[in-house]
Structure formats: C-alpha cells, structure tokens
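Below is one structure; the comments refer to it alone.
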Amino acid sequence: MVLLLGAKEVNDRFKKKLPVPIPMEIIVVIISTGVSAGLSLEKSYDVNVVGKIPTGFQPPDLPDVNLFSAVFVDAVAIAVVGFSMTISMAKIFALKHGYAVSGNQELIALGLCNSVGSFFQTFAVTCSMSRSLVQESTGGNTQIAGLLSSFMVLLVILVIGSLFEPLPQTALAAIVMVNLKGMFKQFADIPHLWRTSKLELAIWVVSFVASVSLGLDYGLLVAVAFAIITVIYRTQSSQYRILGQVPNTDVYCDIEEYEEVKEYPGIKIFQANTSLYFANSDLYVTALRKKTGIDPGAILIAKKKAQKRRAKVMKKSANNERRAVLKLTNDIEMAVKHELMNDDPALDSGHVKNGSADRNLHNSTSEELEYFMSPVINTHSVILDFTPVNFIDSVGAKTLKSIIKEYKEIGVDILISGCNGVVVRDLTRLNFFDTSIGRDLLFHSIHDAVLHCWCRASSLALASSEEQVLSSDTPSQI
C-alpha cells in the first residue's frame, strides 16, 4: 500500500513530465509473486495465495431453462445493481474527463455481454469498481485500454495463469484498497451536505447504512425507495407565495422578499413552486386560501347564517308591528294611544325592547355580513401562476375546477397564467374545459392576466358609475 500510494502521488505531481504513468500495480504483483514463490510463503507461513487458476474456456452450452424460475428474482436484483454500478462509474469518469454518457448504450452493452456470456457459463457482466479505478489511474482512457486488458486476461487464462498462483491475496487486497481511495473520500462530503442539504445527507446515510447492513442489492432498493419518499416529501413541503409587480416593469416577485414590489388593488397573484397532483392538491387549496385571505366556504357559510338571522329578525319585527297596528285600529281618537300605553305597559315595554333588540340584531347581522364579505369586496380576481407546474393529474384538474367554482360563487374570478403546452394538453385530455370553464381563462404571462383583470375592472366600474348617474337623474333633468 505504501508503494502504491507513493507511486500515485508521483504520477499525480509529475504527470506532465512523465512519458507514461508508473505501473506500480503490475510491479507490486510481479514482486509479490516472486517473493511468495521464492520464500514459499504459503507452506512456511500459511499466507493465503491465489491458488489454482483454471486455464482455457468451457465449451459453449445452452443455459439450463429449469433454473429460470429459481434465479429470476435474483437476476432482476443483479441487473439493477449491475447497471447502477456501471452507470455510476461511467458518470464519475465522464465528469472527471469531460465527456457524455448514454444510459441506453450502457444497457445495450450489458445486455449483449450477458446474453453472449450466458452460453459460456460466465459470471454476470458488470462494471468492476476496483479494476475500472486501476485502469483509469494507470492512464487508460480509450477502448484500446480495455482491449489490452482483455488480451492480458485472455493470456493469463490460456497460458500464464499458473505463474500467478503464488500471488499473495494481500497484494491484491492492497491494490483494491488503494484504488478505492477515491470512494472513501466521499465521507468528506458529509460535512458539506450537512451545511448545504440535510435531505441529501439523509439519502447518503440511508444508502450507506442499508448497503452495508443489507447487502448491495437490498441496500440499493432501500436507497431508491427512500429517495422516492424524499421527492414526495419535497412536493408536500413546497413554497407558496403571493406575487407583486416591480414598478414600471412586467416582472413579478414575492411580496415578502422584495420591498419595492407592489400588489395591484383587487388582484391576487398566487404561485406554488410545484406541480398539482393528488399528493398535494389539498395543501394547494389550503395555501391558496391562507395566502389570499379569501376562504369561499367560510364566507358562504357566514353569509347564509347572517341571511337566516336577518330573516328571523325581520319576521319577528313584522309580527310586533302587526300586533301594534291591530290594537291602534280599534281606537278612533288620538287619546287611545295613551290609553294603550297605560293599559298594556308590558306590551309597550316589550315592543320597545323587541324593537331595540331587533335593531341590535339587524346591526350585528349587517356588521357580520360586512366583516365576512370584506375580502371579496376588496379582491375581484385571483391569478394562479402555473409557470413552475410541469404536470397535472385528474385529481389536480378536479381540484382546480372546484377552486374556480367556489370563488365564482363569491364573485371572484380565477385566471391561470404561464401554462406550458404539456399542462394544457393534460387539462384538455382530462376534460377540464367545458361550457362553464373556457380557454379564455388561460394567459401567456402574469402581466397579460393582470392587464386583462385591470381593463375588465375599469370597464365594470365605468358601467356602474353610468348606471348610478342615470338612476339619480329625474325625468325633468333628463
């Protein structure tokens, strides 16, 4: 290990001056084999050596079909683990040397190798981390390096395999450990991940612990499942914000992060940095109500309650007035009014009390209506920014329909801006658009939707003012 680490340092420091890297791995193998053979380490000191190396190839034969049912599950796990290891190593080297990797090409290569090798009873073909790192560290960059390595392995299998039988296994272990130094360096990522992303650190720790304790196949499955759970968690903990306009621009930013941003009067712009689907549709609706300050359900319930109370008050007041009118009509003279008050003080006082109570109830009902309806009066349009939305499912489409319907009942229009083509196709496929919901609520950008709301609000205000002027004029003035 000392020789290998020293040679790596020399190769790294003087790689521009050295014509070829020092092949210390081959040197270590030759020296270790010679020392072991000369001193008979296996017989004298019970040193574990490579031992018998079979020579030649087995004749090709068809795979045993009866074994398929017994090895199918393991074969799937081996295929997943093998491809994951291959593509991971390929991406590491591609990032280091600046080239691109095609996953389809790697799958085709692995499939062909395993299909052809199955007729020769070979081991499952995949990437070897140790041999790949050894080859890369010795300067191999092209297919020629793999061809030469294959030729050397073929030479060992056919001819010189017996010469390496005295090779101590400790020498091979040292070569593997030293070339896995880069893999062990990944432990240095833990402090960095702790500072930057604790969620990614959790994935790293779960993958490492599961692979060590359960094995590489089950550990990989656990890691993939945990990564999927973290993706769902991120969609569940997305950020929701109200946007405002940067003055004199068509740029809209979060009003809580930027001081200069201004909201348009009567218009709320809501944005969620996630797609809308079954897992977060309820959270989307809750955040919309909270951020805009408009809860259609609560407003409608309060309105109905206030209307019922007002109807009771009006009915009670009408009954009291009817009783008083009936008693007054029995008297002709004006003095009967005083007699009524003197003869039936309970009725009169009750009438006064009921009248005052009716007025209080009427006032409280009006105040309650005004309180619950004030958000609706101040806001006439809500714009949903769908720029971050990448897809929408059937549950999301139904949720969006219910949002539009609920807000329409309290006089608030819902508009959608920034829909990409994929989302529009999803909405069309899910039968989102119908007679009540047309495509006219879609806008290319937030600014287009804001201008539409502003123009419509101005025209409605102008029409309302004209009606008030016409209703206030007398026929003679007209």
When you measure from the side chain of Ser275 to the backbone of Asn390, do you find a donor-acceptor pair of N or O atoms at a distance under 3.5 Å? yes
Is it true that, when you exclude Phe391 itself, more than 12 heavy atoms of the residues, nucleotides or ligands shown sit nearer than 6.0 Å to its CZ? yes
Looking only at atom types and distance, does a side-chain atom of Asp295 sit under 3.5 Å from a main-chain N or O of Lys290, one as donor and one as acceptor? no
Could you tell me whether the side chain of Glu260 reaches within less than 4.5 Å of the side chain of Val246, counting heavy atoms only? no
Quick one: pull up CD1 in Ile87 and NZ in Lys91 and give me the separation to the nearest 0.5 Å. 5.5 Å
Which distance, rounded to the nearest 0.5 Å, do you find between the OH of Tyr240 and the CG of Asn273? 8.0 Å
List the steps and the verdict of side chain to side chain contact (heavy atoms under 4.5 Å, CB included) for His447 and Gln245. CA-CA 9 Å; His447 196 60; Gln245 184 192 32; 3.6 Å; yes
Take a 6.0 Å sphere around CZ of Phe72 and say whether it holds more than 12 heavy atoms from other residues, nucleotides or ligands. no
Nearest non-hydrogen partners of Ser84 and Val80, listed with the distance: OG-O, 2.7 Å
Assess whether side chain to side chain contact (heavy atoms under 4.5 Å, CB included) is satisfied between Leu384 and Leu288, documenting all intermediate values. CA-CA 9 Å; Leu384 305 180; Leu288 175 62; 3.9 Å; yes
Are Phe270 and Phe386 close enough that their ring centres sit under 6.0 Å apart? no
Quick check on His97: does its NE2 atom have over 12 non-hydrogen neighbours (other residues, nucleotides or ligands) under 6.0 Å away? yes
Could you tell me if the side chain of Tyr252 sits less than 4.5 Å from the side chain of Tyr264, heavy atoms only? yes
Begin from the C-alpha positions of Ile203 and Thr230 and carry the test side chain to side chain contact (heavy atoms under 4.5 Å, CB included) through to its verdict. CA-CA 8 Å; Ile203 296 174; Thr230 59; 3.7 Å; yes
Thr428 and Arg439 side chains, donor-acceptor separation under 3.5 Å: yes
Locate the shortest heavy-atom distance separating Val395 from Ser281; write the atom from each residue and the value. CG1-OG, 3.7 Å
Report yes if some heavy atom in the side chain of Thr196 is under 4.5 Å from a heavy atom in the side chain of His192; otherwise report no. yes
Kindly compute the distance separating NZ (Lys398) from CD1 (Ile392), expressed to the nearest 0.5 Å. 12.0 Å
Mark yes or no for whether Asn280, through its side chain, and Tyr277, through its backbone, hold a donor-acceptor pair below 3.5 Å. yes
Minimum-distance pair of heavy atoms, taken over all atoms of Val261 and Asp254: CG2-O, 4.4 Å
Go through the structure and list residues passing side chain to side chain donor-acceptor pair (under 3.5 Å) with Arg429, not counting sequence neighbours. Asp426
Indicate the atoms forming the closest heavy-atom contact of Ala94 with Val101, along with that distance. CB-CG2, 3.4 Å
Measure centre to centre between the rings of Phe226 and Trp204, then say whether the value is under 6.0 Å. no
Flag yes if more than 12 heavy atoms outside Met177 fall under 6.0 Å of its CE atom; otherwise flag no. no
In terms of side-chain heavy atoms, does Thr387 have a donor or acceptor partner in Asp385 at a distance below 3.5 Å? yes
Atom CE in Met85, atom SG in Cys127: separation rounded to 0.5 Å? 6.0 Å
Can you check side chain to side chain contact (heavy atoms under 4.5 Å, CB included) on Lys401 and Ile437, steps first, answer last? CA-CA 8 Å; Lys401 267 190 172 183; Ile437 301 176; 3.6 Å; yes
Here the gap from Arg234 atom CZ to Ile232 atom CD1, rounded to the nearest 0.5 Å, amounts to 12.5 Å
State, with a plain yes or no, whether a side-chain heavy atom of Phe119 is found less than 4.5 Å away from one of Pro63. yes
What do the steps show when you test Glu263 against Lys268 for salt bridge (Lys or Arg N to Asp or Glu O under 4.0 Å), and what is the final call? CA-CA 7 Å; Glu263 286 191 80; Lys268 294 287 185 180; 3.4 Å; yes
When the aromatic ring centroids of Tyr99 and Phe93 are compared, is their separation below 6.0 Å? no
Donor-acceptor contacts under 3.5 Å from residues 403-423 side chains, at least two apart:
from   : atom 1 : to     : atom 2 : distance (Å)
Glu406 : OE1    : Arg289 : NH2    : 3.0
Tyr407 : OH     : Ile294 : O      : 3.1
Asp413 : OD2    : Arg456 : NH1    : 3.4
Asp413 : OD2    : Arg456 : NH2    : 2.8
Asn420 : OD1    : Val422 : N      : 3.1
Asn420 : OD1    : Val423 : N      : 2.9
Asn420 : ND2    : Val389 : O      : 3.2

Shortest non-hydrogen contact from Thr122 toward Gly117: OG1-O, 3.0 Å
With no hydrogens and no angle check, is any side-chain donor or acceptor of Thr249 less than 3.5 Å from a backbone partner on Val251? yes
Measure across Asn66 and Ser69 and return the closest heavy-atom pair with its distance rounded to 0.1 Å. O-OG, 3.9 Å
Do Ile242 and Thr292 have side chains that approach each other closer than 4.5 Å (heavy atoms only, starting at C-beta)? yes
So, do Asp448 and His452 sit near enough that their side-chain heavy atoms are less than 4.5 Å apart? no
Can you tell me how far the CD atom of Glu257 sits from the CG atom of Leu243, to the nearest 0.5 Å? 10.0 Å
